[in-house]
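Below is one structure, written out as structure tokens, with a few remarks after it.
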Amino acid sequence: MTDEPRILIRRAGPLQGEITIPGAKNSVLKLMAATLLADGEYTLTNVPDIADVGIMADLLAAIGVSSEVVQPGTLRLVNHGNITPVAPYELVERIRASINVLGPLLGRFGRVSLSLPGGDDFGSRPIDMHLTALEAMGAVFEFRHGVVEATADRLHGASITLEFPSVGATENIVTAAVYAKGTTVLDNAAREPEIGDLCNFLVGMGAQIEGIGTSTLTVHGVEPGELKAITHAVVADRIQAATYLAAVAVCGGEVVLRGARADHMEMLLRRFHDMGLVVTSAGVGPTSSLAVFAPQRLRSVDVATLPYPGIATDYKPLIVTMLSVADGVGIVTENLYPGRFRYVEELQRLGADIRADGHHAVVRGVAQLSGAPVRAPDIRAGAALVVAGLAADGETSMTGVHHVDRGYDDLVGRLASLGADIERVD
Ligand code: EPU
């Protein structure tokens with residue numbers, strides 16, 4: 001027995017009830033970074049209560065933007081105009097989204113000193129697309145002792161085609177382009193809903209962006225000083241929503257997810273339909289909701305991850321978990337991250353029949369998983385192991401809870417409110 005926090009999960013009967021889906025981690029962190037673009041007081045609502053928001057707040061505080069949670073779900077950020085464009089190692093290494101301060105700082109101040117996490121060199125560090133694009137806009141980079149020093153007099157517009165629709169690169173290019181001289185046209189841009197949320201936030205601040213939601217973004221630079229601080233509601237988290245859909249899928253039951261957006265999850269919902277889940281949506285935009293009803297047993301399907309609007313890599317551990325108890329065999333192909341199958345061994349400990357090799361996993365559904373001690377290797381895999389525990393006989397005790405805390409707002413409380421047998425032991 002260790003003192004490490006754990007989540008204890010026992011097999012749950014059908015889940016019933018309603019929950020509200022919090023704002024998206026992968027949007028709020030980028031919106032927070034974008035407050036570097038203009039002085040003033042910002043209010044973000046629908047902010048999830050997750051550890052990564054606190055880490056990003058610490059990073060911004062070191063740079064010169066203070067923030068406080070004024071009430072649950074509402075974050076006020078104040079950019080006092082006293083910015084030091086230096087992102088120190090101790091903070092940067094804690095969170096990948098820290099790379100998102102690069103675009104705003106470079107675009108507004110023309111210089112940034114950004115530590116990069118880890119000790120290896122540029123070659124193995126996948127921000128090459130960010131840097132190549134910003135170079136095309138006039139930035140100059142020097143890499144010394146694990147720190148990228150970026151400078152630019154004033155960035156200028158450019159025509160950029162990404163080799164791959166990278167989420168982070170798209171965000172950094174757009175936030176750099178809003179103050180660039182002239183027009184930037186970005187082709188093969190990523191078009192995840194969180195990028196749409198960031199673009200809408202920037203437009204609310206006064207930026208000129210066309211093509212939001214498409215793979216060609218056109219940004220007409222405005223003069224420095226033309227953007228202003230605003231109030232904005234963070235888009236609902238499609239990955240957290242999918243987590244609760246997966247929980248109902250393996251436990252049975254009928255649940256309503258308030259705030260969840262079918263229009264942001266279309267491909268996934270099609271696959272879930274093929275597996276036998278009945279999901280109906282109501283309302284539009286932020287007032288929308290999803291109702292889910294689970295079949296007696298899921299059917300297996302094949303799934304491949306792709307950039308949006310394809311099925312997100314972040315859904316994959318949930319899908320593999322669902323296939324673990326489905327009727328038949330499913331093949332899951334990962335197209336974004338090499339070797340993102342680390343959680344498979346943990347699912348095998350629960351009795352799942354999975355063969356993973358390179359980019360592929362073959363999942364043979366079993367009639368019953370069996371509870372065991374497991375460790376979350378990362379945030380999405382952690383959530384998937386919790387879902388698997390709900391379908392497993394006996395008790396599953398999961399450590400590595402800090403990973404889940406990074407991006408899930410009260411996963412345990414929300415599942416418990418739906419009738420799951422789950423508790424957190426700190
Ligand atoms: N890549 C490069 N070079 C680059 C940029 C990316 O080779 O310059 C590669 C990456 O190594 C990776 C792939 O391209 O293999 C995708 O990277 P992308 O830039 O699209 O992802 P990201 O911005 O680093 C975000 C999310 C991830 C999510 C991916 C893909 C945040 C903070 N992270 O990462 O979310 O998996 O997009 O959708 O927004 C998570 O939330 O748990 C998470 C990992």
Side-chain angles (χ1 to χ4, degrees), residues 14-28 45-48 73 165 167 190-201 212-215 232-295 298-299 301-323 326 380 383-384 387 407-409 411 414-415 417-418:
L15 303 181
Q16 305 284 347
E18 282 193 23
I19 51 171
T20 299
I21 299 303
K25 165 176 90 73
N26 289 348
S27 182
V28 69
T45 60
N46 203 29
V47 172
V167 169
R191 43 187 171 135
E192 273 71 1
E194 296 77 26
I195 292 176
D197 200 28
L198 173 64
C199 289
N200 288 328
F201 178 73
I212 296 173
T214 75
S215 52
H232 180 89
V234 181
V235 71
D237 193 328
R238 62 202 162 99
I239 317 289
Q240 289 191 70
T243 304
Y244 298 103
L245 292 179
V248 178
V250 302
C251 293
E254 203 167 355
V255 164
V256 173
L257 307 177
R258 281 191 301 266
R261 307 235 341 214
D263 57 332
H264 291 167
M265 305 171 74
E266 267 178 36
M267 296 281 190
L268 181 76
L269 293 182
R270 249 186 254 175
R271 269 290 175 273
F272 281 1
H273 171 81
D274 295 342
M275 295 181 84
L277 272 189
V278 180
V279 183
T280 48
S281 70
V284 283
T287 61
S288 61
S289 65
L290 290 179
V292 53
F293 174 75
L298 298 166
R299 286 187 296 272
V301 294
D302 295 339
V303 179
T305 63
L306 280 173
Y308 194 84
I311 292 179
T313 177
D314 294 338
Y315 295 135
K316 196 188 53 189
L318 297 167
I319 295 169
V320 170
T321 298
M322 288 163 64
L323 290 173
R380 307 300 171 192
V387 170
Y408 279 85
D409 181 334
L411 177 66
R414 279 185 167 76
L415 285 171
S417 78
L418 298 175

Just wondering, do Thr243 and Leu411 contact through their side chains at under 4.5 Å, heavy atoms?
yes
If every non-hydrogen atom of Ile21 is compared with every non-hydrogen atom of Ala260, which pair is closest and at what distance?
CG1-CB, 4.0 Å
Looking at Pro48 and Pro22, what are the two nearest heavy atoms and their distance?
CB-CB, 4.1 Å
Do Arg271 and Tyr315 touch side chain to side chain, with heavy atoms closer than 4.5 Å?
no
What closest approach, in Å, do Val234 and Gly23 show between heavy atoms, and which atom pair accounts for it?
CG1-CA, 4.0 Å
Is there a side-chain contact between Tyr244 and Leu415, using heavy atoms and a 4.5 Å cut-off?
yes
Output for pair (His273 NE2, Arg299 CZ), nearest 0.5 Å, gives 7.5 Å
4.5 Å side-chain heavy-atom contact, Glu254 and Pro14:
no
Within the structure provided, determine whether Met265 and Leu290 are in side-chain contact (heavy-atom separation under 4.5 Å).
yes
Would you check, one step at a time, whether the test side-chain contact (heavy atoms from CB on, under 4.5 Å) holds for Glu192 with Asn26?
CA-CA 10 Å; Glu192 273 71 1; Asn26 289 348; over 6 Å; no
Any side-chain heavy atom of Ile19 sitting closer than 4.5 Å to one from Leu257?
yes
Residue pairs, two or more places apart or on separate chains, that pass salt bridge (charged side-chain N to carboxylate O under 4.0 Å, His left out) and touch residues 303-316
Asp314-Arg340, Lys316-Glu334
Quick check against the 3.5 Å criterion: does Glu18 have a side-chain atom that pairs as donor or acceptor with the backbone of Val256?
no
Sub-3.5 Å donor-acceptor pair from the side chain of Asp197 to the main-chain atoms of Val235, do we have one?
yes
Under the ring-ring contact (aromatic ring centres under 6.0 Å, His included) test, residues paired with Phe201 that sit two or more places apart
His232
Hey, are the side chains of Leu245 and Leu269 touching, using non-hydrogen atoms and a 4.5 Å cut-off?
yes
Which pair of heavy atoms, one from Met322 and one from Ala246, lies closest together, and at what distance?
SD-CB, 3.7 Å
Residues that Asp409 engages under side chain to side chain donor-acceptor pair (under 3.5 Å), provided they are two or more places apart:
Arg414
Can we say Glu194 and Arg238 salt-bridge, meaning some charged N sits less than 4.0 Å from an Asp/Glu carboxylate O?
yes
Is there a donor-acceptor pair under 3.5 Å between the side chain of Asn200 and the backbone N or O of Gly196?
yes
Applying side chain to side chain donor-acceptor pair (under 3.5 Å), name anything that partners Asp263, two or more places apart in sequence or on another chain.
Arg261
How about Ile319 and Thr305: do any of their side-chain heavy atoms sit closer than 4.5 Å?
no
Nearest atoms (heavy-atom pairs only) where Leu418 meets Gly17:
CD2-C, 3.7 Å
Contacts of Cys251 meeting side chain to side chain contact (heavy atoms under 4.5 Å, CB included) (sequence neighbours excluded), chain-then-number -> Ala12, Leu15, Leu390
Looking only at atom types and distance, does a side-chain atom of Ser288 sit under 3.5 Å from a main-chain N or O of Ala282, one as donor and one as acceptor?
no
Among residues at least two apart in sequence or on other chains, which ones pass ring-ring contact (aromatic ring centres under 6.0 Å, His included) with His264?
none
When every non-hydrogen atom of Gly253 is compared with those of Val248, the smallest separation belongs to O-CG1, 3.7 Å
